[in-house]
Chemist: 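Quick one: structure below, then a few questions.
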Number of protein chains: 2
Amino acid sequence: MPDSAAESRDPRERILLAAGREFAERGYEAATVRDICTAAGANVAAVNYYFGDKHRLYIESVKHAHEARLRQVPQPEWAPGTPAAQKLRDFVGSMLDRMLGGDQPPWQVRLMMRELLQPTEACRELVEDYIRPHFGILLGVLDELTGSALPESEVRRLGLSIIGQCFLYRAAGDVVAMLVPGGEIDAYHTPQAIADHVTRFTLAAIGVAAPFARPGLGTVSALESPR
Amino acid sequence: MPDSAAESRDPRERILLAAGREFAERGYEAATVRDICTAAGANVAAVNYYFGDKHRLYIESVKHAHEARLRQVPQPEWAPGTPAAQKLRDFVGSMLDRMLGGDQPPWQVRLMMRELLQPTEACRELVEDYIRPHFGILLGVLDELTGSALPESEVRRLGLSIIGQCFLYRAAGDVVAMLVPGGEIDAYHTPQAIADHVTRFTLAAIGVAAPFARPGLGTVSALESPR
DNA sequence: AATCGATTGAAACGCTTGTTTGATTTCCTC
DNA sequence: GAGGAAATCAAACAAGCGTTTCAATCGATT
């Protein structure tokens with residue numbers, strides 16, 4: 001058990017940890033206060049004693065997971081002069097590592113993913129404290145990469161394109177695994193390999209790296225870029 | 001009520017419909033047999049009479065939604081000679097329309113999305129009958145677009161990049177709306193606008209359309225495409 | 001050692017859940 | 001129109017849920 005060593009002597013902390021894992025695995029409705037308390041080695045009454053009710057326990061456990069995650073995965077920082085393309089690769093790599101990394105994705109990510117997919121009250125806080133700053137960094141890199149030639153709205157769409165590519169593997173990873181032949185999933189769909197692909201794809205779209213295929217099909221003018 | 005006109009006189013059908021909506025909205029655990037039956041105008045016992053238990057009702061309702069969706073959104077077909085770039089735009093557009101389209105996304109899509117994000121038994125069937133064929137069409141278009149110059153594994157990754165970009169708006173739409181300034185979400189993030197962006201982004205990455213920004217920053221060689 | 005608030009514990013509460021029952025109604029067949 | 005299977009209904013069931021209760025225990029302070 002990866003986290004059990006860090007299991008605090010403080011019962012409040014223990015419950016928070018067990019709750020996070022349980023909520024992440026089963027979802028809010030299916031997770032039961034009794035199971036959480038059993039896993040935490042606490043009495044059922046402890047939840048109401050420390051948190052009031054199940055709902056507030058949920059909110060707290062999301063915040064707790066989020067803070068723990070922020071602590072162990074600091075935002076990327078670069079030495080001045082680092083090429084923007086390198087920054088992009090680093091950013092995508094660390095995002096994918098955070099999402100898919102390690103042996104299996106930690107329960108904190110699962111829990112946060114649930115919030116993103118079906119937001120509750122805890123979501124806004126999550127976005128403001130965790131998502132938006134990261135997104136801001138990405139936008140900065142993209143702005144640098146495009147030589148500040150694009151309007152902000154366009155840069156944002158580029159950013160969402162990048163995040164979307166990574167997000168798919170995390171949110172719908174099981175389906176992706178079904179769509180890709182068995183052997184390939186290990187060889188071509190590691191966090192590293194995906195990061196390489198997403199980076200290359202994006203740099204090519206921006207025009208900083210070579211495109212995937214050379215034109216010359218005669219279809220170039222068939223669809224002008226909108227506007 | 002959009003579907004109420006199609007509400008069959010057959011109670012089995014009515015329950016299936018109400019169940020789909022309820023499961024889509026609340027999820028399996030939170031949806032209750034009583035609510036479903038009330039919405040369907042049926043007695044609680046009807047569920048067990050027609051389906052045995054809640055779990056089998058769920059399976060059936062997923063299949064039912066999936067079949068209904070297949071019926072109303074046929075796979076795209078193109079006249080011979082249609083430019084591949086146009087096909088890509090059509091494909092992306094129809095996928096986004098299916099995901100986000102209409103006034104609000106239909107409950108069938110929500111239900112299927114739940115299956116994708118946290119697969120149950122119904123998922124494999126869903127992938128084989130619904131997702132994989134569509135994915136195959138996309139791969140065909142991409143293969144055509146790249147002049148069959150890329151290995152299949154590479155084409156698949158391109159396909160996943162495209163789907164990921166669209167998927168984000170559907171699965172994490174609420175978060176996207178938080179990250180984008182209020183006015184912009186209506187102007188730049190309609191299904192049409194997103195389709196245009198994703199298509200342009202992809203075509204640029206492949207090298208069939210102009211990149212988003214001209215190079216010349218001196219960072220081109222900073223990160224060669226992997227391998 | 002006594003005191004008192006903070007914490008824990010076993011048990012029960014009230015409610016909702018999925019499911020079953022058995023009587024009643026409906027609808028078709030002969 | 002009588003007979004009988006199919007379908008519907010109100011009511012109840014047992015089990016599980018979140019929550020509460022209140023007595024027992026702990027731990028620091030006096």
Side-chain angles (χ1 to χ4, degrees), chain A residues 4 6-65 107 110-111 114-115 118 120-122, chain B residues 4 6-65 107 110-111 114-115 118 120-122:
Chain A
S4 73
E7 237 153 57
S8 157
R9 238 42 89 220
D10 178 21
R12 194 189 137 94
E13 194 91 7
R14 287 206 318 266
I15 294 175
L16 229 35
L17 224 76
R21 279 198 268 248
E22 211 70 16
F23 284 135
E25 203 57 42
R26 305 198 203 286
Y28 179 78
E29 308 286 345
T32 76
V33 173
R34 278 175 173 80
D35 285 349
I36 290 170
C37 289
T38 301
N43 191 272
V44 264
V47 160
N48 299 78
Y49 181 75
Y50 285 107
F51 302 97
D53 58 15
K54 182 187 182 183
H55 187 243
R56 263 170 296 185
L57 168 62
Y58 175 74
I59 304 276
E60 290 301 315
S61 76
V62 171
K63 282 196 204 172
H64 188 257
W107 59 268
R110 272 192 80 113
L111 185 59
R114 278 186 188 278
E115 267 303 312
Q118 198 166 31
T120 71
E121 303 155 38
Chain B
S4 73
E7 237 154 57
S8 158
R9 240 41 92 221
D10 178 22
R12 194 190 137 95
E13 194 92 7
R14 285 205 321 266
I15 293 174
L16 229 33
L17 225 75
R21 278 198 269 248
E22 210 71 14
F23 284 135
E25 204 56 42
R26 305 199 203 288
Y28 179 77
E29 307 287 345
T32 77
V33 174
R34 277 175 175 78
D35 287 348
I36 289 169
C37 289
T38 302
N43 191 271
V44 263
V47 159
N48 300 77
Y49 182 76
Y50 285 108
F51 301 97
D53 58 14
K54 182 187 183 183
H55 186 244
R56 263 170 296 186
L57 168 62
Y58 174 74
I59 304 277
E60 290 301 314
S61 77
V62 171
K63 283 195 203 174
H64 188 257
W107 59 267
R110 272 192 82 113
L111 185 60
R114 279 187 188 278
E115 268 302 313
Q118 198 166 31
T120 71
E121 305 155 37

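Every chain is numbered from 1 and lettered A, B, ... according to where its sequence line falls, protein lines coming before strand lines. Keep in mind that this is a model prediction, so the values were computed, not measured.
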Chemist: If you check the Y49(A) side chain, which of dT19(C), dT8(C), dA10(D) turns out closest?
Modeler: dT8(C)

Chemist: E115(B) and Y58(B): side-chain donor and acceptor closer than 3.5 Å?
Modeler: yes

Chemist: With sugar-phosphate meaning primed atoms plus P, OP1 and OP2, does F51(A) contact a base, only sugar-phosphate, or nothing at under 4.0 Å between heavy atoms?
Modeler: nothing

Chemist: dA10(C), dT19(C), dT7(C): which one has an atom nearest the side-chain heavy atoms of V33(B)?
Modeler: dT19(C)

Chemist: Once the angle between the rings of Y28(A) and F23(A) is folded into 0 to 90°, is it parallel (under 30°), tilted (30 to 60°) or perpendicular (over 60°)?
Modeler: parallel

Chemist: Pick the closest DNA chain D nucleotide for A46(B) and for A31(A) by heavy atoms, then say which residue is nearer the 5' end.
Modeler: A46(B)

Chemist: Which nucleotide in the set dT8(D), dG18(D), dT8(C) lies at the smallest distance from any side-chain heavy atom of P11(B)?
Modeler: dT8(D)

Chemist: dC9(D), dT8(C), dT19(D): which one has an atom nearest the side-chain heavy atoms of V44(A)?
Modeler: dT19(D)

Chemist: Both T32(B) and N48(B) contact DNA chain C. Taking the nearest nucleotide for each, which residue is further toward the 5' end?
Modeler: T32(B)

Chemist: For dG16(D), does the base pair up with any side-chain atom of R34(A) as donor and acceptor (N or O, under 3.5 Å, distance only)?
Modeler: no

Chemist: What's the closest nucleotide to the side chain of A45(B) if the choices are dC17(D), dT21(C), dA6(C)?
Modeler: dT21(C)

Chemist: Could you grab the distance from atom CZ of R110(A) to atom CZ of R26(A), nearest 0.5 Å is fine?
Modeler: 11.0 Å

